[in-house]
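Because only heavy atoms are used, hydrogens play no part in the values below, and waters and symmetry mates are left out as well, while side chains stay in. None of these values were measured; they are calculated from a predicted model.
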Amino acid sequence: MKLICNGNDLSDAVGKVFKAVSTRTTNPILEGILLKAENGSLTLTANDLELAIEKSIVADVKIEGSTVVPGKFFAEFVKKLTQEQIELSVLDGNRLNIRYMQSEGVLQCLDAVDFPAVKELTEAQSFIIIKNEFRDLVNKIAFSVSTDDARPMLKGVQLEIDENSITGVALDGYRLAKCVKPIEKTSAMMSAVVPARCLTEIARLIEDTTDPVQISIQKNYLLVDLGHTRVTTRLLDGDFINYKQIIPTNFETTVTVPKDQFESGIERAILLARSDKNNLVRFDVKDDVMQLSSNSDVGSINEKLPVKLNGVDIAIAFNARYFTELLRYITADNLLIKFISSSTPCIVTPAGEQEDLIYLILPVRML
């Protein structure tokens with residue numbers, strides 16, 4: 001293998017695929033990046049057996065071929081060569097020679113034959129969605145997945161595709177996030193549970209534009225084709241929780257609160273709540289006032305916010321971290337917070353917006 005490519009293009013490509021380089025493996029080949037030169041391009045591939053990312057760049061290919069470079073070192077090395085024309089050539093003994101300006105480096109590589117092949121989806125169903133809509137859906141729900149290995153299905157995001165929309169759902173046993181976005185078209189109704197880590201990396205790779213992107217699903221795999229970048233991920237195998245049974249529809253109390261004031265009040269109240277592992281903040285709603293209070297050995301904080309109350313007064317407590325995390329993704333001026341009782345989940349939605357976005361949060365028992 002021998003080729004010449006632009007250092008900036010190479011650095012950008014390595015940065016994209018490196019997210020799929022395995023950091024916890026006993027198999028050294030999974031710590032590498034496959035370089036394959038052919039037909040006027042260099043394709044870089046990383047594959048940790050759950051997530052695979054392929055990125056192609058233009059290259060002046062003198063001799064076609066392939067090799068597997070040590071991922072971490074190669075990524076750090078080419079990051080410092082962004083302004084150079086780089087010549088890559090494989091020497092005897094599967095060593096990669098890297099020439100730049102008047103200098104050179106040599107890396108000991110692994111045999112490309114041992115690198116795991118990326119799954120080809122030849123019989124997949126697919127749907128098309130606007131890129132920034134898909135990014136927004138992932139960003140608004142993926143943070144709500146579980147991190148507990150004992151419940152692997154809850155480490156994934158469920159995607160449900162029907163004729164006109166895609167519904168994304170994530171939950172961890174204490175909270176739930178659901179977002180619905182329109183799609184351009186679909187070849188079939190389908191569903192999949194995608195590892196949240198993989199879905200988040202896909203969202204990072206998708207540009208924030210109004211261009212369409214095609215997403216394909218075939219049995220245990222999902223593929224996102226971005227042209228010069230392809231991302232393939234394994235799906236989680238099993239039944240997702242029937243979330244529709246969890247979301248309440250009838251409420252005793254509905255509160256409308258200015259989002260900015262609520263966010264500021266929560267952030268101040270949680271300063272003391274952080275000393276408690278539950279980040280407990282108490283909500284008391286009465287006479288169009290919401291009082292947020294927290295206590296610790298350091299002292300106490302009481303925040304009073306103007307609200308519009310519809311229904312009965314309520315006193316309830318929550319892990320305030322769940323609110324601070326979801327507030328990053330709500331852009332509406334006002335929030336609707338709906339309650340049933342002090343021991344049942346509340347629902348948080350943007351007020352006055354058409355977007356179907358809801359968060360469910362379980363309360364914390366008050367002492």
Exercise. Any chance CD of E163 has more than 12 other-residue heavy atoms, nucleotides or ligands included, within less than 6.0 Å?
Worked result: no
Exercise. Does any non-hydrogen side-chain atom of R175 lie less than 4.5 Å from one of R321?
Worked result: yes
Exercise. With a cut-off of 6.0 Å (strictly less than), are more than 12 heavy atoms of other residues, nucleotides or ligands near CG of N242?
Worked result: yes
Exercise. Nearest heavy-atom pair of I141 and A170: which atoms, and what distance?
Worked result: O-CB, 3.3 Å
Problem set entry | Verdict with supporting geometry, S56 and T43, side-chain hydrogen bond (donor to acceptor under 3.5 Å, both in side chains) | CA-CA 4 Å; S56 296; T43 300; 2.8 Å; yes
For this session: For the residue pair V307 and V289, establish whether any side-chain heavy-atom pair is separated by less than 4.5 Å.
Result: no
Exercise. Are I330 and V281 in one and the same hydrophobic cluster, where Ile, Leu, Val, Met, Phe, Trp and Tyr link if side-chain heavy atoms are under 4.5 Å apart?
Worked result: yes
For this session: Decide side-chain hydrogen bond (donor to acceptor under 3.5 Å, both in side chains) for Q158 and E160; before the verdict, give the C-alpha distance in whole Å, the side-chain angles of both, and the deciding distance to 0.1 Å.
Result: CA-CA 7 Å; Q158 172 153 291; E160 300 173 325; 2.8 Å; yes
Exercise. Are L30 and L110 co-members of a hydrophobic cluster defined by side-chain heavy atoms under 4.5 Å apart?
Worked result: yes
Exercise. Are the side chain of S300 and the backbone of N295 linked by a donor-acceptor contact shorter than 3.5 Å?
Worked result: no
Exercise. Hey, are the side chains of T344 and P363 touching, using non-hydrogen atoms and a 4.5 Å cut-off?
Worked result: no
Problem set entry | K178 vs I247 side-chain heavy atoms within contact, under 4.5 Å | yes
For this session: Go through the steps to decide whether N8 and S11 satisfy the test side-chain hydrogen bond (donor to acceptor under 3.5 Å, both in side chains), and finish with yes or no.
Result: CA-CA 5 Å; N8 193 55; S11 178; 5.8 Å; no
Exercise. Is the shortest heavy-atom distance from the side chain of F143 to the side chain of Y322 under 4.5 Å?
Worked result: no
Exercise. Can you name the closest pair of heavy atoms from I86 and L88 and give their distance?
Worked result: CG2-CD2, 3.7 Å
Exercise. Any side-chain heavy atom of V118 within less than 4.5 Å of one from E54?
Worked result: yes
For this session: State whether the side chain of E64 and the backbone N or O of N39 hold a donor-acceptor pair below 3.5 Å, judged by distance alone.
Result: yes
For this session: Is it possible for you to say whether I361 and V145 belong to one hydrophobic cluster, with membership spreading through side-chain heavy-atom contacts below 4.5 Å?
Result: no
Exercise. Can any side-chain N or O of E104 pair as donor or acceptor with the backbone N or O of R99 at less than 3.5 Å?
Worked result: no
Seminar exercise, completed: In terms of heavy-atom contacts, N164 and D162 come closest through N-OD1, 3.1 Å
Problem set entry | Pair K286 + D284, salt bridge at N-O below 4.0 Å | no
Problem set entry | Check: R95 and L107 side chains under 4.5 Å, non-hydrogen atoms | no
Problem set entry | Side-chain heavy-atom pair I53, L205 within 4.5 angstrom cut-off | yes
Problem set entry | Ring centre gap for F323 and F262 strictly below 6.0 Å | yes
Problem set entry | Over 12 non-hydrogen atoms of neighbours within 6.0 angstrom of CZ in F240 | yes
Problem set entry | is_close_aromatic(Y100, F77), centroid dist under 6.0 Å | yes
For this session: Verify salt bridge (Lys or Arg N to Asp or Glu O under 4.0 Å) between R230 and E120, making sure each step is shown before the conclusion.
Result: CA-CA 11 Å; R230 287 163 50 93; E120 291 291 334; 3.7 Å; yes
For this session: Keeping the roles fixed (side chain from K72, backbone from E31), state whether a donor-acceptor pair exists under 3.5 Å.
Result: no
Problem set entry | Any donor-acceptor N/O pair, D48 side chain to L51 backbone, under 3.5 Å | yes
Problem set entry | Residue from M190, K185, Q218, Q214 passing side chain to side chain contact (heavy atoms under 4.5 Å, CB included) with S126 | Q214
Exercise. Above 12 or not: heavy atoms from other molecules or residues under 6.0 Å from NZ of K259?
Worked result: yes
For this session: Answer yes when E50 and R234 have at least one side-chain N-carboxylate O distance shorter than 4.0 Å, and no when they do not.
Result: no
Problem set entry | Verdict with reasoning, K155 to D149, per salt bridge (Lys or Arg N to Asp or Glu O under 4.0 Å) | CA-CA 8 Å; K155 297 180 75 173; D149 290 333; 2.5 Å; yes
Exercise. Going through the distances and angles, do N94 and T67 end up as a side-chain hydrogen bond (donor to acceptor under 3.5 Å, both in side chains)?
Worked result: CA-CA 7 Å; N94 211 2; T67 191; 2.9 Å; yes
For this session: Take atom NZ of K79 as the centre, draw a 6.0 Å sphere, and report whether it contains more than 12 heavy atoms from other residues, nucleotides or ligands.
Result: no
